[in-house]
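Since we're looking at a predicted model, the values are computed, not measured. Each chain gets a letter, A, B and so on, in the order its sequence line appears, and its residues count up from 1.
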Amino acid sequence: MMEKQYNAKAAEAKWYPLWEKNGCFHREPGEGTPYSVVIPPPNVTGILHMGHALNQTIQDILVRWRRMQGRNTLWLPGTDHAGIATQNVVEKALKKDGKRRQDLGREAFVERVWEWKRRYGGTIVHQQRMLGNSTDWRRERFTLDEGCSRAVTKVFKQLFDEGLVYKGNYIVNWCPRCGTALANDEVEHEPNHGHFWYVKYPVVGSSAGQSGEPYRDYVMVATTRPETLPGDTAVAVNPKDDRYAHLVGKTVILPLTGREIPVVSDDYVDREFGTGIVKITPAHDPNDFLVGKRHGLEEINIMTGDARMNALAGAKYEGMDRWTCRDAIVADLEAGGYLDHVEDIDNQVGHCYRCHEVVESRLSKQWFVRMKPLAEPAVAAVKSGEVRFVPDRWSKIYYNWMENIQDWCISRQLWWGHRIPAWYLASQESGAAAGEERVFVAETAQEALGQAKKATGNDGLTLADLVQDPDVLDTWFSSWLWPFSTLGWPEKTDDLAFYYPTTDLVTAQDIIFFWVARMMMAGIHFMGKPPFANIVIHGIVRDAQGRKMSKSLGNSLDPLEIISMYSADALRFSLALITSLECDTKVDKSKFEIGRNFATKIWNAAKFIEMQTAAGVTPAALGDLSAAALSTDDRHMLLACDKACRRIGEMLENYRIQDAALAVYDFFWTQICDWYVEYVKDSPDKSVSLAVLRDVFDKALRLLHPFMPFVTEEVAHQLRLVGENDTIMLRSFPTGYSPEEAAKWGLTEGLYEFVNAKREAVTALRALRAEYKVPPSARVDVTIAAAPAGIPDSPSPEGEIPSMKRAMRAESVKLVAAGADLPMPSKITRFGTVYLSLEGLVDKAAEAKRIAGEIARIAGFIKAAEAKLANRAFVDHAPPAVVDEARRKLNENREKTVQLEKLARLFA
RNA sequence: GGGCGAUUAGCUCAGUUGGUUAGAGCACUACCUUCACACGGUAGGGGUCUUGGGUUCGAAUCCCGAAUCGCCCACCA
């Protein structure tokens with residue numbers, strides 16, 4: 001016998017290992033139609049959060065559904081090596097022992113990170129199993145594993161050979177704490193309350209000096225970053241600015257240094273902002289860098305990698321950190337009479353997305369990928385419809401970004417990651433700054449050596465003469481290859497041939513640019529085909545106040561805690577039900593009660609079926625039954641099931657996960673539990689109705705399985721709907737009954753409407769009972785002026801009396817001719833007019849008042865409907881069905897009014 | 001500054017190409033411990049669909065303007 005209560009924990013602990021062990025998640029390439037998805041690899045340092053839970057629930061729903069549809073399904077899992085994040089974790093651990101990574105040396109440190117990965121890297125992988133993910137763990141990958149590394153190297157070399165990877169002097173975002181360059185999108189801009197210092201730069205050759213008043217002629221420069229002053233190599237004005245036109249071409253004295261620097265004119269300068277004069281510091285500001293390039297200005301780098309001032313900043317400031325130096329320079333400017341005044345200003349300051357340090361713009365040599373040539377075909381693939389965004393509006397955002405794309409800085413000054421496969425001549429390295437640097441890009445050091453020998457004509461070179469580039473590649477440089485590197489590329493594997501391109505990519509909106517766009521480019525460039533057919537974008541999980549969930553805010557919900565409180569199925573179903581692809585999802589704990597309650601409901605319904613069986617009811621063979629053997633309620637149930645199967649399948653095809661979840665919920669709860677199970681309790685032929693119930697319940701379980709894998713598997717086994725060594729997850733996803741079955745059982749639309757109408761009558765009677773406060777225990781006498789003739793294919797209402805009797809808690813149900821004028825109180829339904837004899841149970845005055853209100857309300861509807869139908873334009877233009885419906889409704893309301901007026905007189 | 005989106009019941013959201021008296025879940029009210037289930041059942045209350053115009057026989061839905069909120073990109077020296 002089934003337990004009184006569903007034990008979710010036990011079911012989860014039992015089924016997941018069995019599925020995995022039996023290879024239920026695994027398929028080999030070859031047969032059938034492929035359906036493949038690669039998981040967005042979580043950081044190996046990560047722990048499972050609600051964002052993962054949502055993302056993976058959506059994927060698992062799609063994957064389980066496709067698998068049940070019979071597709072050859074692959075959902076490929078893995079983790080990302082997450083350069084900075086992982087290195088930080090290990091460095092933090094080292095710090096506890098008072099060590100820095102430099103103390104270990106590169107090789108030992110990297111080995112230490114690997115060791116960390118082996119010990120703790122499995123955390124999130126373990127947690128993902130708790131969700132019930134049907135990922136093929138036999139194909140699990142890591143972005144830094146051997147295969148992925150080979151792909152990365154090959155790609156780097158190919159792009160280099162194609163001229164799409166280059167090394168350049170460039171101003172990059174630099175995190176002084178992490179000691180590495182950051183890509184533009186790794187910088188977070190945040191509002192900052194800062195100052196605007198107004199500084200006077202004396203103009204050379206003015207009359208000022210002669211009069212003995214040094215600074216009468218000066219230009220006023222406003223800056224938020226006085227500490228970069230020693231790096232200034234010009235001041236700039238707008239060419240159209242008449243105020244300063246006379247200054248262009250002259251020079252000014254850079255305060256504190258005595259250096260003369262030119263005044264240049266450049267469109268970049270905004271006349272309206274500040275004083276209209278900008279100091280230009282090419283080595284420490286991206287815009288200034290560009291201005292400097294245009295005017296051939298010197299680039300003076302005055303800072304070290306950890307944002308301290310170097311010798312070029314001047315002896316006095318050398319060694320100071322940038323903020324100390326700012327204070328010192330401001331003080332000196334003031335002392336020298338150069339500082340005019342200070343204003344408060346609100347601006348935006350960039351912070352490192354990892355450690356939150358204020359980012360510095362820094363001039364350095366970095367590797368870049370030329371993006372324009374890669375972006376163009378990636379845009380074309382979406383424009384042509386070859387790749388589709390779901391929802392479609394993301395394509396606009398994608399175009400917008402791709403069309404304004406900038407080169408991608410891919411080098412990172414870290415130790416943990418894919419080392420850049422570029423080598424230099426050791427002898428050349430120190431003196432290379434001045435001249436051309438010789439670089440050999442190759443897949444191996446040996447190959448690089450060959451290149452070096454050829455280039456230098458020196459056959460005596462050995463590996464010892466070569467030095468590999470110390471930098472590693474941006475983490476995304478491996479993830480952008482994920483859809484094919486994980487399938488074995490660059491080898492020509494069967495997996496690659498069969499599962500590439502993948503079918504769906506499911507991810508949140510926040511990594512469309514980081515990841516999705518780049519995968520598109522890589523897929524097209526290296527495989528000749530976009531990496532997926534559909535890009536499904538879902539929202540971000542937010543807390544009840546709409547804030548992003550984050551560790552620092554402390555507002556995160558832990559999926560594992562939700563699983564332990566409510567079950568994995570509850571987590572999954574609730575997420576599916578409340579998630580729209582259209583917008584972000586607000587989540588709080590109470591939402592998960594929906595899923596838990598649903599699981600309980602299913603368990604109890606299953607228990608009911610078991611009890612019927614245990615009570616000795618033997619289900620008939622459904623396939624042998626004809627329409628005549630089935631009651632209208634039985635047939636209605638079968639038809640509702642048929643509709644549910646079709647609708648849910650269609651919704652999933654359109655990625656309408658929320659709608660599908662709601663439909664399966666409604667089918668189970670309303671159709672099966674609220675109506676049919678109630679009917680079965682008192683059905684005239686239990687053997688038949690149990691057969692129907694078992695069949696629709698079985699189908700409902702399968703419809704639900706992608707959403708709630710554990711409870712469906714457990715219940716299917718409890719009811720022996722699958723064999724002992726079998727699993728529901730490999731059974732077919734129901735698509736509805738065949739036309740033959742539908743014909744044999746008389747599953748017609750008319751019949752469906754007929755039973756719906758009957759239910760309206762039952763509901764109306766219940767409402768009457770409630771309105772007139774008839775005690776639930778009271779058996780009442782009901783009369784119905786049955787009128788189902790208006791419904792096509794209607795069976796005789798006579799046969800419905802027994803089922804209505806029970807549902808209405810009626811002592812008797814009497815049918816009279818349709819249209820018969822029944823005494824009050826009664827309600828009009830499609831089935832007919834329902835009358836309940838009250839036997840003087842009513843407070844007359846109160847009822848009279850209520851009825852008057854009701855008449856007034858209906859009068860409003862009638863008036864509106866009459867006006868509508870009197871309108872020729874409406875009658876002529878609206879679809880006939882709409883007009884007919886309006887007429888029918890109007891008549892019904894008129895009839896209702898007549899009845900109500902009679903009733904009012906009765907109570908007067 | 002550029003782009004995208006949102007505003008519907010107390011709350012979270014549906015509402016598919018314009019078409020009955022705008023729906024669901026939660027919350028709320030009343031009644032019900034009826035032998036699958038109180039994590040339940042039955043019946044209810046609650047919305048001038050942010051706002052002002054326009055198109056239309058008809059607008060939550062389409063167009064224009066306003067307000068409020070959110071996100072993304074770029075960024076002021």
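Between the side chains of A/Asp666 and A/Thr670, at least one donor-acceptor pair of N or O atoms lies under 3.5 Å. Between the side chains of A/Asp232 and A/Thr281, at least one donor N or O sits under 3.5 Å from an acceptor N or O.
Contacts of A/Arg759 classified as salt bridge (Lys or Arg N to Asp or Glu O under 4.0 Å), with partners at least two apart in sequence or in another chain: none. In this structure A/Phe389 satisfies the ring pair (Phe, Tyr, Trp, His ring centres under 6.0 Å) test together with A/Tyr398, sequence neighbours excluded. In this view, A/Phe710 and A/Trp19 satisfy the ring pair (Phe, Tyr, Trp, His ring centres under 6.0 Å) rule, not counting sequence neighbours.
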message: How would you summarise protein contacts on nucleotides 32-42 of chain B per nucleotide, using B for base, S for sugar-phosphate only and - for none, with heavy-atom distances below 4.0 Å?
response: S-B-BB-BSSS
Please list, pair by pair, any protein nitrogen or oxygen found under 3.5 Å from a nitrogen or oxygen in nucleotides 17-21 of chain B.
residue, atom, partner, partner atom, Å
B/U20, O2, A/Glu885, OE2, 3.4
B/U20, N3, A/Glu885, OE2, 2.7
B/U21, O4, A/Asn893, OD1, 3.1
B/U21, O4, A/Asn893, ND2, 2.9

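Nucleotides B/C4 and B/C39 are separated by 49 Å at their P atoms, to the nearest Å. Taking the P atoms as reference points, B/G53 lies 14 Å from B/U61, given to the whole Å. Of the P atoms belonging to B/G15 and B/A9, the separation is 15 Å, rounded to the nearest Å. On the P atoms, B/A22 is 16 Å away from B/G10, given to the nearest whole Å.
Across B/A14, B/A77, B/C72, the shortest atom-to-atom separation from the side chain of A/Val269 is found for B/A77. You'll find that the side chain of A/Ile397 is closest to B/C4, out of B/A14, B/C4, B/A77. Nearest nucleotide to the side chain of A/Arg656, out of B/G15, B/C76, B/A24: B/G15.
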statement: For RNA chain B, the expected dot-bracket line (Watson-Crick or G-U under 3.5 Å, [ ] crossing, | inter-strand) is (((((((..((((.....[...)))).(((((.......))))).....(((((..]....))))))))))))....
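You'll find the ring centres of A/Phe196 and A/Tyr198 inside the 6.0 Å limit.
Along RNA chain B, the nucleotide closest to A/Thr223 and the one closest to A/Ile594 are compared, and the more 5′ of them pairs with A/Ile594.
Between A/Glu753 and A/Arg830 a salt bridge is recorded (basic side-chain N to carboxylate O distance below 4.0 Å). Taking the charged nitrogens against the carboxylate oxygens, A/Arg225 and A/Glu360 do have a contact shorter than 4.0 Å, which makes a salt bridge.
Nearest heavy-atom pair across A/Arg326 and A/Pro226 is CG-CG, 3.8 Å. Between A/His195 and A/Val342 the shortest heavy-atom distance is CB-CG1, 3.8 Å.
For A/Lys279 (side chain) and A/Ala234 (main-chain N/O), no donor-acceptor pair under 3.5 Å exists by modelled atom type.
Rounding to whole angstrom units, CD1 of residue A/Ile537 and C1' of B/C4 are separated by 14 Å.
Contacts of A/Asn287 with the nucleic acid, taken as non-hydrogen atoms under 4.0 Å apart, involve only primed sugar atoms and P, OP1 or OP2.
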